[in-house]
Amino acid sequence: MIAVFDNFIQDQDLLLEIQDNKADIFKDPGNFKWFAGWWDNPTAKLNTTQKIIKYAWGENCPITDVYGLDGFEYWTGIQKAKLPTGEKDGWDDFLEPHFDKDEAWHKKTGEIVTPVIGSIYYPEGSAFEGGELHIFTDGADKPPEIVKAKPNRFIIFQAGQHVHTVKTVTKGTRHAIAINLWENAPYSKQTGKLTIEQ
């Protein structure tokens, strides 16, 4: 399953908050975090990324599938076009093919444990070219399904089942927020490889 939702966030206050806090949201790309959800403490103060998760998977969930969840693993990604000289400007301009799994558990046991489902949100405010998401739903040896990264677009797909990659960003900088749903907290949480956020 791949589901794509354009103009996803309609809450203007949240959109403004995302713009105002973009530097903070993307200050530590690739740092995996854990959010146990809003349901146990509905009055807790959420950071902007947690508000996006609650908006997407709680109040405005666009799909009818029901999951038993322990929480959300999330992180941000930045891919930036190379300089005219061909050198990197701090970030890779693509993302290698992979599928999402509990990396710490795989390293310890060799066993593959994957999230229930994955999603990506692309915030507004970044002009870039390239950086399409390629999802190999029919196997890595078959042509992928291609999803463009567009502002305020939300994508849901089987991130733990299908190999996916980000193609080369040819101009500008691509920002993305990845969110995986876990039925049981990954071993990475126990080993401290995930930053626990209340």
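Side-chain atoms are counted along with the backbone in the values below, which use heavy atoms only and exclude waters and symmetry mates. Just so it is clear, the model here is predicted, and its values are computed rather than measured. Numbering of residues begins at 1 and proceeds along the displayed sequence.
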Ring pair (Phe, Tyr, Trp, His ring centres under 6.0 Å) contacts in which one or both residues fall within residues 98-121, not counting sequence neighbours
H98-H164, W105-Y187
As an exercise, state the distance from CD1 of I155 to CD1 of I2, rounded to the nearest 0.5 Å.
8.5 Å
Do I63 and L133 belong to the same hydrophobic cluster, where Ile, Leu, Val, Met, Phe, Trp and Tyr are linked whenever their side-chain heavy atoms lie under 4.5 Å apart, directly or via other members?
no
Using the test salt bridge (Lys or Arg N to Asp or Glu O under 4.0 Å), find all partners of D28 that sit at least two apart in sequence or belong to another chain.
K33
How many angstroms lie between atom OH of Y74 and atom CD1 of I177, to the nearest 0.5 angstrom?
9.5 Å
When hydrophobic residues are tied together by side-chain contacts of less than 4.5 Å, even through go-betweens, does M1 share a cluster with V116?
yes
Under the side chain to side chain contact (heavy atoms under 4.5 Å, CB included) criterion, do I112 and T114 qualify, and how do the steps go?
CA-CA 6 Å; I112 294 175; T114 62; 3.7 Å; yes
Test ring-ring contact (aromatic ring centres under 6.0 Å, His included) applied to W91 - qualifying residues, sequence neighbours left out:
none
Listing request: all salt bridge (charged side-chain N to carboxylate O under 4.0 Å, His left out) pairs with a residue in residues 127-147, at least two apart in sequence or in separate chains.
none
Pairwise side chain to side chain donor-acceptor pair (under 3.5 Å) hits with a residue in residues 13-26, at least two apart:
E17-T48, E17-K51, N21-T48, K22-S126, D24-K27
I would like to know whether Y122 and R174 meet side chain to side chain contact (heavy atoms under 4.5 Å, CB included); could you show each step before the answer?
CA-CA 8 Å; Y122 301 108; R174 175 191 188 272; 2.9 Å; yes
Please round to the nearest 0.5 Å and tell me the distance separating atom NZ of K45 and atom CG of N47.
9.0 Å
Does I18 form a side chain to side chain contact (heavy atoms under 4.5 Å, CB included) with L16? I'd like the steps, not just the answer.
CA-CA 5 Å; I18 293 167; L16 286 171; over 6 Å; no
With sequence neighbours left out, the residues meeting ring-ring contact (aromatic ring centres under 6.0 Å, His included) with Y55 are F8
Which distance, rounded to the nearest 0.5 Å, do you find between the CG of D100 and the CD of Q161?
10.5 Å
State yes or no: do L83 and V169 share one hydrophobic cluster built from I, L, V, M, F, W and Y residues joined by side-chain heavy-atom distances below 4.5 Å, directly or via other members?
no
Given F72, which partner from the list W38, F32, W34 fulfils the ring-ring contact (aromatic ring centres under 6.0 Å, His included) test?
W38
Among residues at least two apart in sequence or on other chains, which ones pass ring-ring contact (aromatic ring centres under 6.0 Å, His included) with F26?
H175
Working note: Q10 + N60, criterion side chain to side chain contact (heavy atoms under 4.5 Å, CB included); need CA distance, chi angles, decisive distance, verdict.
CA-CA 10 Å; Q10 296 293 308; N60 301 280; over 6 Å; no
Check salt bridge (Lys or Arg N to Asp or Glu O under 4.0 Å) between E96 and all other residues, then give those that pass, not counting sequence neighbours.
none
Of I52, I117, L69, the residue whose pairing with W57 passes side-chain contact (heavy atoms from CB on, under 4.5 Å):
I117
So which atom in H162 and which in I135 form the shortest heavy-atom distance, rounded to 0.1 Å?
CB-CG2, 3.9 Å
From NZ (K189) to CG (N184), nearest 0.5 Å:
10.5 Å
ILVMFWY cluster membership beyond I146 - transitive side-chain contacts under 4.5 angstrom
none
May I ask you to decide if W182's main-chain N or O and D70's side chain share a donor-acceptor pair within less than 3.5 Å?
no
Can you name the nearest heavy-atom pair linking L181 to P115, along with the distance?
O-CB, 3.3 Å
Check A56 against F154 and note the closest heavy-atom contact, atom names and distance.
CB-CZ, 3.6 Å
May I ask you to check whether D102 and S188 show a side-chain donor-acceptor distance below 3.5 Å?
yes
With sequence neighbours left out, which residue pairs that include part of residues 149-169 fulfil the salt bridge (charged side-chain N to carboxylate O under 4.0 Å, His left out) condition?
D6-K150, D6-R153
Spell out, as yes or no, whether a donor-acceptor pair under 3.5 Å connects the side chain of T168 to the backbone of D93.
no
Taking every non-hydrogen atom, the tightest pair across V166 and G131:
CG1-O, 3.8 Å
Where do I120 and A176 come nearest, in terms of heavy atoms and distance?
CG2-CB, 3.9 Å
By salt bridge (Lys or Arg N to Asp or Glu O under 4.0 Å), K82 pairs with (sequence neighbours left out) none
E103 meets the salt bridge (Lys or Arg N to Asp or Glu O under 4.0 Å) criterion, sequence neighbours left out, with K101
